[in-house]
Amino acid sequence: MSRQKKILLPESEMPTHWYNLNADLPAAGVELPPVLHPATGQPVGPDDLAPLFPMALILQEVTTDRYVEIPEPIREVYRMWRPTPLFRAYAWEQALDTPAQIYYKYEGVSPSGSHKPNTAVAQAYYNKQEGVKRLATETGAGQWGSALSFAAQIYGLECKVYMVRVSYDQKPYRRILMETYGAQVVPSPSPDTQAGRQVLEQDPDSPGSLGIAISEAVEDAATREDTKYSLGSVLNHVLLHQTVIGQETIRQLEIAGADWPDVVIACTGGGSNFGGLAFPFVRENIVAGRKTRILAAEPTASPSLTRGVYTYDFGDTAQMTPLIKMHTLGHDFVPPPIHAGGLRYHGMSAQVSALKEAGLIEAVALPQRAVFEAAVGFARAEGIVPAPESAHAVRAAMDEALAARESGQGRTIVFNLSGHGHFDLAAYDAYLSGQLVDYEYPQEAIEQSLQRLPQVD
Ligand SMILES: *Cc1c(COP(=O)(O)O)cnc(C)c1O
């Protein structure tokens, strides 16, 4: 009998609804603290967020409905690449000589090469519905900017992308992809905004950070009538849109006849691909008494879940965004310029943070050389070159597989391969030529940033 390598779903089995974890958090005894206004310290209401987001997304941010229907026009765009394949990693299992069964969900088949269009398309759609003409956003590695440029183009919206300086310099092809989709791209910090000028005055050579770029995009949207802001991770509505990933995966594992997974793994920058894959499994743990371990993999260079504190902080460097209770390294923490640009963020999704605080998920921090070692091994066995961000999940899955070999016990491992690394070959070049270095962030530097946290009781 031939072994089934990839498990595909027909378009007719694409999920019709997004899954909202917030509906099931009370059953787990987890409370999501309110988001606070940066000036007053009071919980924000829909009107406070209206300058930045369309009302449909603000309502999704706070809804407690368990399922939110995906509008048919969004499903139609999703069908360009969804459902995405689930693969069984037979060759990699053999290379690792592990008794574990490894499955990976592959989100790199989307037009821009990652999971991010799952929310970019939804966000562009709702903005278009409400008459918005232009979107402003930031991008780290370029994945989010590419996704939003693609989605904005579909709906005839203008798109301005503030791209973190270090990525702008390292990844010209990401910029060209965004421009091909019709977006305007500037390096951040930029002279186009107050927030950008402020940083440039103090440090003309600033490598930038997601926190700084977010400040610029938020300011752009807040100061223009025709423009709204769009965020590629962190917020509840973003994670909501990503839950098509986990819902499809559960169905595909069923078709494969797989055992219910022992461990589910994804990398975490702001938490969206992690939430997307993991939340439907978290629900099974909460309501069906399953015992799946849920593991977040982050870089040692930006270790918000493993070394940050759980407290209220700004989402951006210029302190313009609402305050979110989350695992944070401090809003002015500038992570070292590692190649996984999409993981260089000081904070974490409120939902993912609350799960970590409640002990419902685990987290591990990984240095980039070990991450690339795993990614190269994976590419040589499975053929797909992982994005440096996704490679953190690859490494964590590899460590689980090696632990299974060590103990001689099988286990079922599922991880999210959140994107491909075709635009990240400079990073692979650095690894292959022995030039990658590991970054362990000095504790005192983290503590210095944490001293500047906002005071909230
Ligand atoms: C942006 C990105 C990430 C990190 O963002 P999350 O919101 O944490 O998912 C991970 N993988 C890829 C491929 C990305 O583009």
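Indexing begins at 1, ligand by ligand and atom by atom, following the structure's order.
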Is any N or O atom of [X], backbone or side chain, closer than 3.5 Å to an N or O atom of ligand 1?
X: G419; answer: no
X: G270; answer: yes
X: G271; answer: yes

Give me the nearest non-hydrogen protein atom to [atom] as residue plus atom name, then the distance to 0.1 Å.
atom: atom 13 (C) of ligand 1; answer: S418 OG, 3.3 Å
atom: atom 4 (C) of ligand 1; answer: G342 O, 3.5 Å
atom: atom 7 (O) of ligand 1; answer: S233 OG, 2.4 Å

Quiz prompt | Minimum-distance pair of heavy atoms, taken over all atoms of Y345 and S302 | solution = O-OG, 3.0 Å
Self-check item: Shortest non-hydrogen contact from P280 toward I250
Solution: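 Heavy atoms only, the tightest pair is CB-CD1, 3.8 Å.
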Self-check item: Contact check, A141 vs ligand 1, heavy-atom distance below 4.0 Å
Solution: no
Quiz prompt | Donor-acceptor contact present, side-chain Q368 to main-chain Y439, <3.5 Å | solution = no
Self-check item: Polar side-chain atom of E389 near backbone of G342 as donor-acceptor pair, under 3.5 Å
Solution: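 Yes; judged by distance alone, with no hydrogens or angles, the pair exists.
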Regarding [X] and [Y], does a basic nitrogen lie under 4.0 Å from an acidic carboxylate oxygen?
X: E179; Y: R175; result: yes
X: K325; Y: D313; result: no
X: R82; Y: E11; result: no

At a 4.0 Å threshold, what atoms of ligand 1 neighbour a non-hydrogen atom of [X]?
X: H115; result: 2 (C), 3 (C), 9 (O), 10 (C), 11 (N), 12 (C), 14 (C)
X: S390; result: 13 (C)
X: T268; result: 8 (O)
X: L343; result: 4 (C)

Option nearest [atom] (shortest heavy-atom distance, choices [options]):
atom: atom 6 (P) of ligand 1; options: A266, S110, S272; answer: S272
atom: atom 3 (C) of ligand 1; options: M348, K116, H420, Q143; answer: K116
atom: atom 10 (C) of ligand 1; options: E389, Q242, R344; answer: E389

Exercise. Give a yes or no on this: more than 12 heavy atoms of other residues, nucleotides or ligands lie within 6.0 Å of atom CD of E31.
Key: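 No, the 6.0 Å shell around CD holds no more than 12 heavy atoms from other groups.
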Quiz item: CE of M14 to CZ of R75: how many Å apart, nearest 0.5 Å?
Solution: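 Result: 6.5 Å between the selected atoms.
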